[in-house]
**Student:** 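Supplied in structure tokens, the structure appears directly below.
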Amino acid sequence: MLLLYGLRVLRFSLVLIAVSLLSFAASGRQNRAKIAVEIEQSMRTKLLNVWYPRSLDQQHGGFLSSFTYDWQPTGSQDKMIVTQARHTWSNAIASQLYPKEAHYKTGARHGFAFLRDVIWDKKNGGFHTLVNREGQVIRRGIAEKEAYGNAFALYALSAYYKATRDKEALALAQETFRWLEKHSHDPVHKGYFQHLKLDGTPIVRPDTISSTADLGYKDQNTSIHLLEAFTELYQIWPDPLVRDRLQEMLLLIRDKITTPQGYMVLFFQPNWTPGSFRDTDKETILRHRYLDHVSFGHDVETAYLMLEASHVLGLKNDTTTLRVAKRMVDHALRNGWDTEKGGFYDEGYYFKGDPKITITKDSKNWWAQAEGLNTLLLMADLFPQDQMQYYQKFETLWRYINTYLIDQEHGGWYAGGLDKEPQQKTALKGHIWKGNYHQLRAMANCMERLRAKK
């Protein structure tokens, strides 16, 4: 009798546990659905609707990029290939998300025409780095061509072709890839030279240049965005050489640019010797902080880009990339995460003799938080029971972004979190280095992932 009673109690307990688990799962799905609605509403009303069609330059083509905090056009409105390509990409993506809103497809076509007709160098090939509002090339104080800018053009052209099947866009994407292959790719040490002359010749770093300048270096930022561009290109043009270069960049970033601790070195000599000032004094290190620091935002962004590239390549059981990506995110969370309010700090440094990292810049720029949102949710779905509690941090970061980064009155995102930089409230809402590509990609990805069946 006691045995039967015990079995009944056990069965009843198991039923209660099962009901509790089902209830917990249902609650989790409801929570995800709720956040998906919040993200989509914010993406449409506080991001896309304030940028488009407002930013289309109907007079000279392309997009206006500089706006005041309350969205008044301001300044000279010079047009950089990076900004113009990103706006073209954003409109192409938005046109697929919301096909009934015709102005996104119009905006994407408008941006493509500017890339093709104005910024593309019809004589030498490749995209110019910078033009003025009227489309005249600006050559002062910059490399006339850059792999970084051409990577974003390739990214935009690929997305535009995916959205429209415009064969002109595919042809220009193919031409851009071949131009990079001919002029920027390093057949000896691999990777790509960043700074190029007008005719595409790589710029050799002069001995007389300031030690704080990056001219002539290879770098992680160019590398990760070439990876991103080739990932997009390979999906529309599965050419064997594109695949080779995509895999080359994945392995280079994963195995050489990323350190065993889980963060990336920022700049390198052409032979991939790391650029480091760690053996100098603190004043020298901080003076060269642009070239040498731990960038938590780039690390979490790259974790996603590597996993995306591995997926598009069709690599089976790629446990190495997954392990490195997780290590990068975990390093950023352990060392660059604000445990009080949430959000990723901008910069840190491992000073010689100190095993712990020092936060050297505690502001929280907009793009790092957007990339963090995307990557944390990805990690939460890959490792739902992990001790790092990725989903809880994802929720915390979304609350942080809503509270300190999104302008609920005028729309748009501040350049930095108001908890650290209250002056950003009236700073430029858009400029040549600040558009909406990071935010749109993160929010669109999160929206889709949150709504996926679990």
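Residue indices begin at 1 and follow the sequence shown. Everything numeric in this text was worked out from a predicted model, so none of it was measured.
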**Student:** Should the ring pair His87 and Tyr52 be called parallel, tilted or perpendicular, given that the plane angle runs from 0 to 90° and is split at 30 and 60?
**Tutor:** perpendicular
**Student:** For the backbone of Lys434 and the side chain of Lys429, can you confirm whether one donor and one acceptor N or O come within less than 3.5 Å of each other?
**Tutor:** no
**Student:** Does a salt bridge link Arg451 with Glu40, judged by any charged N lying under 4.0 Å from a carboxylate O?
**Tutor:** yes
**Student:** Less than 4.0 Å between a side-chain N and a carboxylate O, is that true for Asp381 and Arg32?
**Tutor:** yes
**Student:** What distance do Met249 atom CE and Glu228 atom CD have between them, rounded to the nearest 0.5 Å?
**Tutor:** 12.0 Å
**Student:** Is Glu175 salt-bridged to Arg116, going by a charged N under 4.0 Å from an acidic O?
**Tutor:** no
**Student:** Please verify the inter-ring angle class for Phe67 with Trp71; under 30° counts as parallel, over 60° as perpendicular, anything in between as tilted.
**Tutor:** tilted
**Student:** Return the CG to OH distance between Leu233 and Tyr155, rounded to the nearest 0.5 Å.
**Tutor:** 12.5 Å
**Student:** Is Lys145 positioned over the aromatic face of Phe127, cation under 6.0 angstrom from the ring centre and no more than 45 degrees off axis?
**Tutor:** no
**Student:** CZ of Arg334 to CZ of Phe296: how many Å apart, nearest 0.5 Å?
**Tutor:** 13.0 Å
**Student:** Identify the two heavy atoms, one from Val294 and one from Asp299, that lie closest to each other, and give their separation to 0.1 Å.
**Tutor:** CG1-OD2, 3.9 Å
**Student:** Classify the angle between the aromatic ring planes of Tyr350 and His331 as parallel (below 30°), tilted (30 to 60°) or perpendicular (above 60°).
**Tutor:** tilted
**Student:** Ion pair present between Glu181 and Arg178, side-chain N to carboxylate O less than 4.0 angstrom?
**Tutor:** no
**Student:** Please check: side-chain N/O of Thr176 versus main-chain N/O of Leu172, any donor-acceptor pairing under 3.5 Å?
**Tutor:** yes
**Student:** What's the spacing between Phe394 CZ and Cys446 SG if we round to 0.5 Å?
**Tutor:** 4.5 Å
**Student:** Please state whether the rings of Tyr217 and Phe267 are parallel, tilted or perpendicular, taking 30° and 60° as the class boundaries.
**Tutor:** tilted
**Student:** If we ignore hydrogens and angles and just use 3.5 Å, is the side chain of Arg289 paired with the main-chain N or O of Thr360 as donor and acceptor?
**Tutor:** yes
**Student:** Tell me every residue that passes side chain to side chain contact (heavy atoms under 4.5 Å, CB included) with Ile203, counting only those two or more places apart in sequence or in another chain.
**Tutor:** Ala143, His195, Lys197, Leu215
**Student:** Which value, rounded to the nearest 0.5 Å, describes the distance between His110 atom NE2 and Phe114 atom CZ?
**Tutor:** 8.0 Å
**Student:** Could you check whether Lys420 pairs with Asp338 (Lys NZ or Arg NE/NH1/NH2 to Asp/Glu carboxylate O, under 4.0 Å)?
**Tutor:** no
**Student:** List in chain and number order the residues that pass ring pair (Phe, Tyr, Trp, His ring centres under 6.0 Å) with His60, two or more places apart in sequence or in another chain; answer none if no residue qualifies.
**Tutor:** none
**Student:** Is the count of non-hydrogen atoms from other residues, nucleotides or ligands lying under 6.0 Å from Lys46 atom NZ greater than 12?
**Tutor:** yes
**Student:** Can a donor-acceptor pair be found, under 3.5 Å and without considering hydrogens, that links the side chain of Gln389 to the backbone of Asp386?
**Tutor:** no
**Student:** Donor-acceptor pair, Thr129 side chain versus Glu144 backbone, under 3.5 Å?
**Tutor:** yes
**Student:** Please collect all salt bridge (Lys or Arg N to Asp or Glu O under 4.0 Å) contacts where either partner lies in residues 252-278, sequence neighbours excluded, each pair once.
**Tutor:** Arg254-Asp318
**Student:** Consider side-chain contact (heavy atoms from CB on, under 4.5 Å). Of Leu333, Leu377, Thr375, which one does Tyr390 pass it with?
**Tutor:** Leu333
**Student:** Answer yes or no: does atom NE2 of His410 have more than 12 heavy-atom neighbours from other residues, nucleotides or ligands under 6.0 Å?
**Tutor:** yes
**Student:** Find the distance between NE2 (His103) and CG (Asn91) and round it off to the nearest 0.5 Å.
**Tutor:** 8.0 Å
**Student:** Is any side-chain N of the basic residue among Arg109 and Asp166 closer than 4.0 Å to the acidic one's carboxylate O?
**Tutor:** no
**Student:** Take atom CD of Gln261 as the centre, draw a 6.0 Å sphere, and report whether it contains more than 12 heavy atoms from other residues, nucleotides or ligands.
**Tutor:** yes
**Student:** Return the orientation label for the Trp237 and Phe177 ring planes: parallel under 30°, perpendicular over 60°, tilted otherwise.
**Tutor:** perpendicular
**Student:** How are the rings of Tyr192 and His185 set relative to one another: parallel (under 30°), tilted (30 to 60°) or perpendicular (over 60°)?
**Tutor:** perpendicular
**Student:** Without swapping roles, check the side chain of Trp272 against the backbone of Lys190 for a donor-acceptor pair under 3.5 Å.
**Tutor:** yes
